[in-house]
Structure formats: C-alpha cells, structure tokens
Number of protein chains: 2
Amino acid sequence: MTQKQEQLSKNQQIVLNIIEKAKGPLKAYSILYNVQKRGIKAPLQVYRALEKLIEIGKIHKIESKNAFIACKNSDCEISKATAFSICNNCEHVKEIKNTKLSKYLSNFEDNSGMKYKKYNLEFFGLCRDCKLKQ
Amino acid sequence: MTQKQEQLSKNQQIVLNIIEKAKGPLKAYSILYNVQKRGIKAPLQVYRALEKLIEIGKIHKIESKNAFIACKNSDCEISKATAFSICNNCEHVKEIKNTKLSKYLSNFEDNSGMKYKKYNLEFFGLCRDCKLKQ
DNA sequence: CTTAATTTGTTATAATATAACGTTTGTTAT
DNA sequence: ATAACAAACGTTATATTATAACAAATTAAG
C-alpha cells in the first residue's frame with residue numbers, strides 16, 4: 001500500500017468532518033457555528049482549515065456562493081480541475097465527474113497559446129426535480 | 001436597424017465607463033473610490049449599477065476575484081456563457097472568445113440529464129509574459 | 001396626466017475574509 | 001534526546017465585500 005495518508009491537524013479534521021457530513025456546500029460562518037461546540041472559536045481558525053483542505057484537494061470552494069463542499073472526485077488528489085452543476089432554484093450543488101469534459105478543458109488552449117494548469121467551471125440551470133415542479 | 005439600444009441610467013453609465021476604461025477587472029470599492037468625484041457616494045449605488053450591468057451583459061463578475069470586467073464579447077448580448085483566463089502571477093484577466101469552447105459547454109449534459117442555461121469558467125495559469133520571465 | 005416601475009440617495013448593518021502577534025505542537029537532522 | 005525549523009493554534013482587531021430598509025426622485029407607459 002503506497003497510499004499516502006494525509007495527516008490532518010485537529011482543526012482541519014473537525015472542519016472536514018462537518019463539510020463531509022453536510023448535504024450541500026457550507027458557508028464559512030455556518031461552519032464556525034457548527035464547530036463551536038468542538039472548541040473552534042474564531043473565523044480565522046475556520047478559514048485556515050479551509051485553506052489547507054482546499055490546498056490538498058479535500059474540499060472545493062464554490063466561488064459563486066462563497067461556500068465549501070467536500071470533494072467527491074476521489075481520483076483528483078490535488079484538485080485543480082473542478083466543475084459543478086448548480087440548481088438556480090433549490091441551490092443544489094453537485095460536482096461533475098466527466099472524463100471527457102475534464103480532458104477537454106485540461107487540454108484547452110486559447111489563441112494566445114496560454115496553457116492552463118487549473119480551472120473552475122460552474123454550470124447553472126434547473127435540476128431535474130425543480131424542472132418537474134415548474 | 002433593429003439594434004436595441006440599451007438605455008443606461010446615469011449611475012449605470014458612470015460605472016460602466018470606469019470599468020470599460022480599466023485595463024483589468026475592478027473591485028467594487030475601487031470603483032466607488034473612482035466615481036466619488038462624479039457624485040456616487042455609497043457602495044449600494046455601485047452595487048446596484050453593477051447588478052444591472054451584469055444583467056444586461058455589459059460586464060461580468062470574475063468570481064474568484066470579486067471583481068468586475070467589461071464584456072469584450074460583442075455578440076453575447078446577454079451573457080450567460082462566460083470564460084476567462086487568469087494569470088496567477090500578474091493577475092491579468094482576459095475573456096476567452098472561442099466558439100468551439102462555448103458550443104461545447106453550452107451543449108454539455110451531465111449524466112443526470114440536466115441541461116444548463118448558463119455557465120462560468122475560469123482558467124488559471126501563467127500568461128505568456130509571465131512564463132518567459134520565470 | 002397619472003399610474004406604475006425603476007432608479008436614486010442615504011443610513012445602517014450583515015456577511016465574508018485577513019492582518020498581526022505570540023504560543024504551542026509537530027518534524028527532521030544531528 | 002534535543003536543537004532547529006516548520007506548521008498549526010489561539011486571540012484580538014480590523015479589512016473587505018455586500019445587502020436591508022425606507023423614502024424621494026425620475027422615467028416609461030397607458
């Protein structure tokens with residue numbers, strides 16, 4: 001077994017647990033509220049944990065929502081290529097796991113010849129449930 | 001001539017002018033500072049103009065930077081499909097105009113069958129200048 | 001004109017995020 | 001084991017980004 005086990009610190013583990021248990025993306029201050037019973041008292045403690053967790057690819061930030069979600073893409077150890085679908089109605093967010101898409105985007109080059117190491121894509125629309133309810 | 005000329009209000013015009021003259025994306029409070037000589041005094045006046053300008057597709061928000069940039073894509077009247085390249089070093093931001101890319105993304109469907117009306121894509125890397133300087 | 005809708009001006013405040021500082025804990029090399 | 005260094009922690013204060021609420025002024029449409 002060559003699986004490199006990332007050793008998380010206490011606060012990082014607490015914050016990650018909350019995010020992984022959540023049904024959708026969580027906002028920083030909502031995380032803070034949730035972890036106060038576990039000893040984390042200040043925003044900065046949360047933000048520092050979030051920063052680290054993003055860095056190692058355990059979570060992602062949904063930029064359009066300023067919210068944080070656990071990575072479901074087990075094979076993106078350090079996640080530089082992210083894509084999400086976001087329902088405009090119920091706000092449900094799902095990480096998109098699509099090899100064709102990620103290959104397409106990872107290999108994309110614009111006319112300036114600039115090659116990209118990282119991208120974030122956010123799709124917006126209505127999820128199936130919300131489409132039916134309309 | 002069926003060109004629908006959007007009639008902007010005074011504040012909207014002021015804010016748009018600043019953004020169009022800028023070399024890169026501007027932050028809301030930087031815009032505020034820049035337009036105070038023209039009578040706009042409060043953040044809300046700026047944010048309201050920004051909201052409208054985004055709605056009609058004159059500007060876009062760069063989510064990862066909380067900054068606003070003029071739309072260079074003259075044919076996306078109401079811009080629901082945006083893509084940007086962002087240099088991690090010099091922070092230069094450029095709107096990507098690439099028909100293949102926008103077609104690919106506009107037609108993208110994930111396995112849930114969800115179809116998207118809107119997307120925002122932000123690529124990160126080193127622009128040519130910064131790559132050479134490294 | 002007058003009614004409705006939009007935009008404005010203003011004050012206050014909410015929500016999101018980081019600076020700066022010193023302390024503690026964990027890792028690595030001797 | 002311990003010195004030296006790096007990473008994480010705790011804490012206070014503050015910076016940055018964004019919206020609520022309300023009344024007045026302006027503009028568009030019938």
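Naming convention: chains lettered A, B, ... in sequence-line order (proteins, then strands); numbering from 1 in each chain.
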**Prompt:** side-chain hydrogen bond (donor to acceptor under 3.5 Å, both in side chains) with Ser64(B): which residues, sequence neighbours excluded?
**Reply:** Glu122(B)
**Request:** Mind checking side-chain contact (heavy atoms from CB on, under 4.5 Å) for Gln36(A) and listing every partner two or more places apart, or none if nothing turns up?
**Result:**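 So Gln36(A) forms a side-chain contact (heavy atoms from CB on, under 4.5 Å) with Leu32(A), Tyr33(A).
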**Request:** State whether the number of non-hydrogen atoms from other residues, nucleotides or ligands found under 6.0 Å of Lys103(B) atom NZ is greater than 12.
**Result:** no
**Glu51(A) CD: over 12 foreign heavy atoms closer than 6.0 Å** = no
Please give, in whole Å, the distance from [N] [atom2] to [X] [atom1]?
{"X": "Leu26(A)", "N": "dT16(C)", "atom1": "CG", "atom2": "P", "value": "12 Å"}
{"X": "Tyr47(A)", "N": "dA15(D)", "atom1": "OH", "atom2": "P", "value": "17 Å"}
{"X": "Lys41(B)", "N": "dT8(C)", "atom1": "NZ", "atom2": "C1'", "value": "12 Å"}
{"X": "Leu50(A)", "N": "dA17(C)", "atom1": "CG", "atom2": "P", "value": "9 Å"}
{"X": "Asn11(A)", "N": "dT24(C)", "atom1": "CG", "atom2": "C1'", "value": "12 Å"}

Which heavy-atom pair separates [X] from [Y] by the least distance, and what is that distance?
{"X": "Leu50(B)", "Y": "Ala28(B)", "answer": "CD1-CB, 4.1 Å"}
{"X": "Cys130(A)", "Y": "Asn89(A)", "answer": "SG-OD1, 3.2 Å"}
{"X": "Cys71(A)", "Y": "Gly57(A)", "answer": "CB-O, 3.3 Å"}

**Message:** Whether the side chain of Glu95(A) engages the backbone of Lys72(A) through a donor-acceptor N/O pair (distance < 3.5 Å, no angle test) should be reported.
**Reply:** yes
**Message:** Quick test of your reading of the model: are Lys97(A) and Asp110(B) salt-bridged, counting only N-O distances below 4.0 Å?
**Reply:** no
**Prompt:** Taking for each residue the nucleotide of DNA chain D with the nearest heavy atom, is it Lys10(A) or Pro43(A) whose nucleotide lies nearer the 5' end?
**Reply:**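 Nearest-nucleotide comparison on DNA chain D picks Lys10(A).
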List the atom pairs, with distances to 0.1 Å, where a side-chain N or O of residues 39-47 of chain B and a protein N or O form a donor-acceptor pair under 3.5 Å, not counting sequence neighbours.
residue  : atom : partner  : partner atom : Å
Gln45(B) : OE1  : Lys41(B) : N            : 2.8
Gln45(B) : OE1  : Ala42(B) : N            : 2.8

**Message:** Please give the remaining members of the hydrophobic cluster of Met114(B), linking ILVMFWY side chains under 4.5 Å, ordered by chain and number.
**Reply:**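 Direct or chained contacts put Met114(B) with Ile96(A), Leu101(A), Tyr104(A), Leu105(A), Phe108(A), Met114(A), Tyr116(A), Tyr119(A), Leu121(A), Phe123(A), Ile96(B), Leu101(B), Tyr104(B), Leu105(B), Phe108(B), Tyr116(B), Tyr119(B), Leu121(B), Phe123(B).
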**Prompt:** Transitive ILVMFWY cluster of Phe124(A) at side-chain heavy atoms under 4.5 Å: who else is in it?
**Reply:**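 When side chains under 4.5 Å apart are linked, the cluster holding Phe124(A) also contains Ile62(A), Ile69(A), Phe84(A), Ile86(A), Val93(A).
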**Request:** Determine whether Ser112(B) and Cys127(A) make a side-chain contact, defined as any pair of heavy atoms from C-beta on separated by less than 4.5 Å.
**Result:**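 They are not in side-chain contact.
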At under 4.0 Å, does any side-chain N or O of [X] touch on OP1 or OP2 of [N]?
{"X": "Lys52(A)", "N": "dA8(D)", "result": "yes"}
{"X": "Gln45(A)", "N": "dG10(D)", "result": "yes"}
{"X": "Ser9(A)", "N": "dA7(D)", "result": "no"}

**Request:** Please list, by residue number, the residues of residues 27-35 of chain B whose heavy atoms come closer than 4.0 Å to an atom of DNA chain D; answer none if no residue qualifies.
**Result:**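 Output list: Lys27(B), Tyr29(B).
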**Residues within residues 12-19 of chain B bordering DNA chain D, heavy-atom distance below 4.0 Å** =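 Of all residues in residues 12-19 of chain B, none places a heavy atom under 4.0 Å from DNA chain D.
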**Prompt:** Which value, rounded to the nearest 0.5 Å, describes the distance between Glu63(B) atom CD and Glu63(A) atom CD?
**Reply:**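 Spacing of CD (Glu63(B)) from CD (Glu63(A)) equals 7.5 Å.
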Considering only distance and modelled atom types, tabulate donor-acceptor pairs under 3.5 Å from the side chains of residues 11-27 of chain A, sequence neighbours left out.
residue  : atom : partner  : partner atom : Å
Gln12(A) : OE1  : Ser9(A)  : N            : 3.0
Gln12(A) : OE1  : Ser9(A)  : OG           : 3.4
Gln12(A) : NE2  : Ser9(A)  : OG           : 3.4
Gln13(A) : NE2  : Asn17(A) : OD1          : 3.2
Asn17(A) : ND2  : Gln13(A) : O            : 3.4
Lys27(A) : NZ   : Lys65(A) : O            : 3.1

**Request:** At under 4.0 Å between heavy atoms, which parts of nucleotides 21-30 of chain D does protein reach? Answer with one letter per nucleotide, 5' to 3': B base, S sugar-phosphate only, - none.
**Result:** B---------
**Asked** Is there a residue in residues 61-70 of chain A whose heavy atoms reach under 4.0 Å of DNA chain C, and which residues are they?
**Response** Lys61(A), Asn66(A)
**Message:** My validator wants the stems of DNA chain C: runs of 3 or more consecutive Watson-Crick or G-U pairs, both distances under 3.5 Å, written as range with range.
**Reply:**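 Output for stems: C:1-30 with D:1-30.
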**Prompt:** Listed by chain and number, what are the ring pair (Phe, Tyr, Trp, His ring centres under 6.0 Å) partners of Tyr29(B), not counting sequence neighbours?
**Reply:**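 If we apply the ring pair (Phe, Tyr, Trp, His ring centres under 6.0 Å) test to Tyr29(B), skipping adjacent residues, there are no hits.
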